[in-house]
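Each ligand, and each atom within it, is numbered from 1 in the order the structure gives. Just so it is clear, the model here is predicted, and its values are computed rather than measured. Numbering starts at 1 and runs along the sequence shown.
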Amino acid sequence: MRVPVELRRSYKLLNHGPTTLIASAHGDRVNVMAAAWVMPLDFEPPKLVAVISSETYTRQLVEASGELTVNVPTAAMAELTMVVGRVSGRDEDKIAKHGIRTAPATQVRAPLIEGCAAWLECRVLPEAEISKRYDLFVLEVLAAWADDEVFVNGSWQFTRAEHRTIHHLSAGHFLVIGDLLRAAR
Ligand SMILES: Cc1cc2nc3c(=O)[nH]c(=O)nc-3n(C[C@H](O)[C@H](O)[C@H](O)COP(=O)(O)O)c2cc1C
């Protein structure tokens, strides 16, 4: 079940380095793409950064709307992650074509992608120069959610293999994230 995550703890949803799905919406267009280069930037107010190439349709929708959602797919969604990372929303409606289930977000018009392990609703902070020069977007997290089966009391607790999140290496190869290693403090 999707449950809210306190904003000051929302960095934990990305700290373990998962590949993400960025969903965007503007006018009557809704789109989703894979994004591996997404990371936390600050605790409070929570911020993150995402690389969104100028060649993507997502970039167009994000610049027009000033909003997006960052969704954290599970190992069961690896194939889908590759599909939405290889095809452009300019060429097809990926959400309709691949039967991607979405739910409304609370703070932004971009949807939440169902089946994910975590979700962050974000607004674009006005850093046009950085975006233009580096394709880098600075985002403020407005709302955060996690699947309470895998994110329990503020910690990831991966039990079932298909619920683990995925770290992209290259060319469709992922590492499945999830074994806890406790280092002495
Ligand atoms: C696993 C994976 C990770 C990716 N990570 C990023 C990324 O961090 N930033 C980016 O701009 N594109 C990334 N891409 C490429 C976009 O997902 C791809 O260009 C996509 O087709 C863009 O879709 P759109 O044109 O509908 O926005 C990635 C692709 C894959 C398969």
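- Not a single N or O atom of Val32, backbone or side chain, sits closer than 3.5 Å to an N or O atom of ligand 1.
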The test is side chain to side chain contact (heavy atoms under 4.5 Å, CB included); show your working for Arg160 and Glu149 and say whether it passes. CA-CA 10 Å; Arg160 286 195 271 158; Glu149 210 174 316; 2.8 Å; yes

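- Within the structure, ligand 1 has His168 among the residues with a heavy atom less than 4.0 angstrom away.
- For ligand 1, the atoms sitting less than 4.0 Å from at least one non-hydrogen atom of Val51 are 7 (C), 8 (O), 9 (N), 10 (C), 11 (O), numbered in the order shown with element in parentheses.
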Given the rule in the side-chain hydrogen bond (donor to acceptor under 3.5 Å, both in side chains) test, do His98 and Glu92 qualify, once you have shown the distances and angles that lead to the verdict? CA-CA 10 Å; His98 304 289; Glu92 66 178 38; 2.9 Å; yes

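- Of all atoms in ligand 1, numbered sequentially from 1 with element shown, those under 4.0 Å from a heavy atom of Tyr57 are 24 (P), 25 (O), 26 (O), 27 (O).
- The nearest protein atom to atom 18 (C) of ligand 1, hydrogens excluded, is given as Gly85 O, 3.2 Å; this is a heavy-atom distance.
- In this structure, Val84 has a heavy atom closer than 4.0 Å to ligand 1.
- Residue contact check for ligand 1: Gln60 places no non-hydrogen atom closer than 4.0 Å to it.
- For ligand 1 and Ser88, the ligand atoms under 4.0 Å from any heavy atom of the residue are 24 (P), 25 (O), 26 (O).
- The pair Glu63-Arg59 meets the salt-bridge criterion, with a side-chain N (NZ, NE, NH1 or NH2) lying under 4.0 Å from an Asp/Glu carboxylate O.
- Annotation for ligand 1: atoms under 4.0 Å from non-hydrogen atoms of Met82 are 31 (C).
- Counting atoms of ligand 1 from 1 in the listed order, those under 4.0 Å from a heavy atom of Lys94 are 23 (O), 24 (P), 26 (O).
- Annotation: Thr19 places no N or O atom under 3.5 Å from an N or O atom of ligand 1; distance criterion only.
- Polar contact with ligand 1: absent for Arg90 (N/O pair, distance under 3.5 Å).
- Which parts of ligand 1 touch Gly89 is read off a 4.0 Å heavy-atom cut-off, strictly below it: atoms 24 (P), 25 (O), 26 (O).
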